[in-house]
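Before any comments, here is the structure.
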There are 2 protein chains.
Amino acid sequence: MLLSALSNVEPLPAVSEPPASGGAASVEVMADDEPTIGLLAGLDPAVAAELLEQAERRVVRADEVLFTAGQLAHSVHVLGAGAAKLVQAMPGGAQIIVKYVRPGEIFGSPALLDRFYPTDAVAVTEGVELRWSSQLVRTYIDRHPRVAFNVIGDLEARLREMESRLRDLSKEPVEQRLARAILKLVEMFGRQTREGVEIPFPVSRQDLADLIGSTLPTVSRTVRAWEAQRQIRRSRRRLVIADVEAVARILYQENAREPDHERGRSRTARQ
Amino acid sequence: MLLSALSNVEPLPAVSEPPASGGAASVEVMADDEPTIGLLAGLDPAVAAELLEQAERRVVRADEVLFTAGQLAHSVHVLGAGAAKLVQAMPGGAQIIVKYVRPGEIFGSPALLDRFYPTDAVAVTEGVELRWSSQLVRTYIDRHPRVAFNVIGDLEARLREMESRLRDLSKEPVEQRLARAILKLVEMFGRQTREGVEIPFPVSRQDLADLIGSTLPTVSRTVRAWEAQRQIRRSRRRLVIADVEAVARILYQENAREPDHERGRSRTARQ
DNA sequence: CGGGTCGTTGAGGGCTATCAACAAGTGTGG
DNA sequence: CCACACTTGTTGATAGCCCTCAACGACCCG
């Protein structure tokens, strides 16, 4: 009964490593419609199916809050479909978007350690959420170490992603940070349409600002300029990237001051 | 033979959760001299001892490179003593310090997944490094799931730390970021001396800049001002924080615009 | 004591946050 | 279906933080 549309996931592709997600702008558009659930990767198909069956499935509406920061984390979450954002509110009302979550990615993993959720999680589209009680996952980890590796892999990937964002935030101007953020969205969620690549959920200017650590007016101006150059369009609150490569090219404009021909890094080169 | 000074760690304190390391400025100074090795937490003492014995121990000099970014990660690392920094070089020669590592913390965990080290690791003091081949750790994870939880816990903690830094970097001016960074160093490495709390290894202005995403001259100016106010001193290349509370107070100066009395967040409040 | 690294300080200007007012889009109820 | 309220986005003006460039001083090590 809990098992429904998703039971067809059973024949899992074995051990599919998540893409390395390096800092470079590998411009690709998401292909698969059926999410690869990181947590189940590489498991004996029977075990995977069993674990999948025990997930609590739930349809979520857009803008629904999946959990909030500070709650005791009781379960581990994965999206079966849809998308969500992890948001951290700051004193004063500002907020940052820590991450967009796509189907298959684990979130809420602090549950495994009986910690508190560090962020709010908000669905940005209608979708399907799978939840496992932390206790259950722990028993699976005990019996199937592969599950632990899958969690570790996911956390490592997120850590790499955060490191990369930290780097960008420190050293790149808004324009490039914004380009990078959009390219990342394309890579994670982009759907090819006739008009270009579409991000299939609303992304407001404020969202973009919260993603790159900037402000609404600044983001607006920048995006506007790109709209004027026909690189980006907007159709009913959704971003459509008409010319992905043009956006990617922004990353290399005027940036990358030549790496300083001296052997030892000169002083100014370090910053 | 490999087993030497560290064998006395055997009677481990059970299940010591690492401190939550929240965003707030809990001003405390490190107390324990014998590191609690996260990887071994909560294990049967016999197993812990066994695993500890299998570590490859190595004395490292200050400034020694423990591994470099891009290398295939063959082992999981922990410091038995000393301190290290994880550094990510950026095109153009700039770099950022991703993290300072203290004794007991796991680093180089990508090894578990046969990935590549994402950063350079450089010792900042003489110290002791423990290494386990990734293969060995994996067999321990298979047999003792607690090891996996320890890794997960460590990664979670780092993720929280990164989120917190991302938040600060987005929204705080240099002065406060700097104060926060210094307080963090105090919390992680600070030793109480007669003159104040000392960070027991050299931290250059450039290091501080790389830590907060700023530049050497700016950091220099700021720190200089604090030195003039006797909050901070320097003795042979080491930071000494004379008045920790004064530094902590900087976090609250002029910051924290009042949280907006309206019920719904006003527009400007979000940014 | 000399070279090199690291730190200090000044001047200048660009980027972008901030403030503010208006426009456009979206959804709702009459 | 239109009008209205509300949210979201646009655009201008301004200020100021901090990066950049640059030159000099201090410290450390051989």
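In the text below, chain A, chain B and the rest are named by the order of the sequence lines, each starting its count at 1.
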Taking atom [atom2] of [N] as reference, at what distance in whole Å does atom [atom1] of [X] sit?
X: B:Glu175; N: D:dC17; atom1: CD; atom2: P; answer: 10 Å
X: B:Arg224; N: C:dC6; atom1: CZ; atom2: P; answer: 18 Å
X: B:Gln206; N: C:dT5; atom1: CD; atom2: P; answer: 14 Å
X: A:Arg234; N: C:dA23; atom1: CZ; atom2: C1'; answer: 13 Å
X: A:Leu239; N: C:dG25; atom1: CG; atom2: P; answer: 16 Å
X: A:Leu208; N: C:dA17; atom1: CG; atom2: P; answer: 13 Å
X: A:Arg237; N: C:dG25; atom1: CZ; atom2: P; answer: 12 Å
X: A:Leu216; N: D:dT7; atom1: CG; atom2: C1'; answer: 11 Å

With a 4.0 Å limit, can you tell me whether [X] has a side-chain N or O closer than that to the phosphate oxygens OP1/OP2 of [N]?
X: B:Thr218; N: D:dC19; result: yes
X: A:Arg236; N: C:dT26; result: no
X: B:Ser220; N: C:dT9; result: no

If you measure from [atom1] on [X] to [atom2] on [Y], what distance do you get to the nearest 0.5 Å?
X: B:Leu169; Y: B:Arg177; atom1: CG; atom2: CZ; result: 4.5 Å
X: A:Phe189; Y: A:Lys184; atom1: CZ; atom2: NZ; result: 9.5 Å
X: A:Arg233; Y: A:Glu227; atom1: CZ; atom2: CD; result: 9.5 Å

Closest approach to the side chain of [X], judged atom by atom: which nucleotide of [options] is it?
X: A:Val174; options: C:dT16, D:dT10, D:dC19; result: C:dT16
X: B:Arg221; options: D:dG9, D:dC19, D:dA13; result: D:dC19
X: B:Thr215; options: D:dT20, C:dT8, D:dG9; result: D:dT20
X: B:Pro217; options: D:dC21, C:dC6, D:dC19; result: D:dC21

Could you check whether B:Arg177 gets within reach of a base, just the sugar-phosphate, or nothing at all, counting any heavy atom under 4.0 Å?
nothing
5'-most contact on DNA chain C: A:Ser235 or A:Val219, nearest heavy atom basis?
A:Val219
Determine whether a donor-acceptor pair (N or O, by modelled atom type, separation under 3.5 Å) exists between the side chain of B:Asp210 and the backbone of B:Asp207.
no
B:Glu163/A:Arg158 salt bridge by N-O under 4.0 Å criterion:
yes
